Amino acid sequence: MTPILALSGVGKRFGAFAALTDIGFEIGEREAVGLIGPNGAGKTTLFNVITGFLPPDAGSIRFAGQDLRGMPPTRRVARGMARTFQTAMVFPGLTARENIAMAVREHAGDGLRWFGGGRGTAAADDTAARLLAEAGLGHRADTPLRDLSHGERRIVDALMPLALSPRLLLLDEPTAGLTRAESDRLLDMLRRHHPGTALLLVAHDIDIVFGHCARVVVMELGRVIRVGTPDEVRADADVRRAYLGSAAP
Ligand SMILES: Nc1ncnc2c1ncn2[C@@H]1O[C@H](COP(=O)(O)OP(=O)(O)OP(=O)(O)O)[C@@H](O)[C@H]1O
Ligand SMILES: [Mg+2]
């Protein structure tokens with residue numbers, strides 16, 4: 001089976017500093033893969049390279065079998081690769097449902113999305129309401145974003161890219177600032193209601209990653225030091241060494 005994402009020999013330098021060296025791993029269709037590593041390991045840099053915000057200096061990135069070299073971020077999104085929306089895309093005074101409906105219509109290419117009219121409005125609203133209900137936030141659909149709690153806001157942030165029904169969703173620390181229960185609810189929602197979406201998840205809470213991902217990629221100093229199941233990674237001596245002094249897995 002063709003993996004949804006295949007990285008091979010990916011490298012990225014900032015001047016003399018090698019931020020990524022020889023990165024290679026695959027994500028299967030519908031697979032949830034965790035990406036962990038100490039601060040500065042290169043996780044966010046790798047996200048930026050995969051999503052097209054930074055050009056790699058070496059290696060290849062294939063998405064659904066297609067080489068992404070030179071493809072701009074917007075075209076990667078159109079092909080089914082989504083990441084958390086920039087905060088600039090979000091309107092604090094609009095309700096949770098209105099914000100998500102906007103993302104749905106953006107994806108559908110409804111040119112009237114900024115004016116509250118247009119044919120797709122009712123359908124987009126229904127989709128937004130469904131996404132919120134699946135996430136356990138149905139009762140907050142009509143609340144302005146600015147009045148949601150931090151945890152509720154993070155869930156809405158994750159729902160925006162899901163409006164695109166992506167084949168791969170990249171989430172960089174979506175659970176930052178969430179309680180353990182809120183984090184579990186967010187990840188459960190993603191896996192239960194969007195099983196067709198493969199996931200690459202970065203989280204500093206290693207228990208969250210181990211609990212929700214079938215496989216885990218461990219990075220240290222810009223390199224992949226281990227790829228395995230949570231049990232394999234937890235038992236690995238190099239991983240334990242990499243985490244000495246921070247949260248030992
Ligand atoms: N634009 C840049 N220019 C120079 N160095 C950079 C740049 N972006 C990142 N770096 C460096 O690359 C290394 C990897 O950073 P990155 O943000 O990818 O790590 P990370 O694994 O996401 O860390 P964290 O867990 O703290 O988010 C760091 O040493 C960082 O200082
Ligand atoms: Mg980071």
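Keep in mind it's a predicted model, so treat the numbers as computed, not measured. Order of appearance sets the numbers: ligands from 1, and atoms from 1 within every ligand.
Among the backbone and side-chain atoms of Thr44, an N, O or S atom lies under 2.8 Å from the Mg ion (ligand 2).
Among the atoms of Gly40, some N or O lies under 3.5 angstrom from an N or O of ligand 1. For ligand 1, the polar-atom distance check finds no N/O of Ala19 at less than 3.5 Å from any of the ligand's N/O atoms.
One N or O on the side chain of Arg185 and one on the backbone of Ala135 form a donor-acceptor pair closer than 3.5 Å. A donor-acceptor pair is defined here as one N or O able to donate and one able to accept, closer than 3.5 Å; no such pair exists between the side chain of Arg191 and the backbone of Cys213.
Counting heavy atoms from C-beta on, the side chains of Leu190 and Leu201 never come closer than 4.5 Å.
Applying the 4.0 Å criterion to heavy atoms of Glu173 picks out, from ligand 1, the atoms 27 (O). Atoms of ligand 1 found under 4.0 Å from any heavy atom of Thr45 (numbered from 1 in listed order, with element): 9 (C), 14 (C), 15 (O), 16 (P), 18 (O).
Enclosure of atom CZ in Arg223 is not indicated, since only 12 or fewer non-hydrogen atoms of other residues, nucleotides or ligands lie within 6.0 angstrom. The local environment of CZ in Arg180 is crowded, with over 12 non-hydrogen atoms from other residues, nucleotides or ligands closer than 6.0 Å.
At least one heavy atom of Gly42 sits closer than 4.0 Å to an atom of ligand 1.
If you check which protein heavy atom lies closest to atom 25 (O) of ligand 1, you get Lys43 NZ, 2.7 Å. Protein heavy atom closest to atom 9 (C) of ligand 1, with residue, atom name and distance, is Phe14 CE1, 3.6 Å. Of the protein's heavy atoms, Phe17 CE2, 3.8 Å lies nearest to atom 11 (C) of ligand 1.
His193 and Asp188 share no donor-acceptor pair across their side chains, judged by distance under 3.5 Å alone.
Between Arg226 and Asp238, none of the side-chain N atoms (NZ, or NE/NH1/NH2) sits under 4.0 Å from a carboxylate O, so this pair counts as no salt bridge.
The minimum heavy-atom distance linking Val202 with Phe47 is given by the pair CG2-CE1, 3.5 Å.
Put simply, atom 30 (C) of ligand 1 has no protein non-hydrogen atoms near it, under 4.0 Å away.
Scanning Leu221, Asn39, Leu35, Thr44 for the heavy atom closest to atom 26 (O) of ligand 1 points to Asn39.
At a 4.0 Å heavy-atom cut-off, ligand 1 does not touch Met219 at all.
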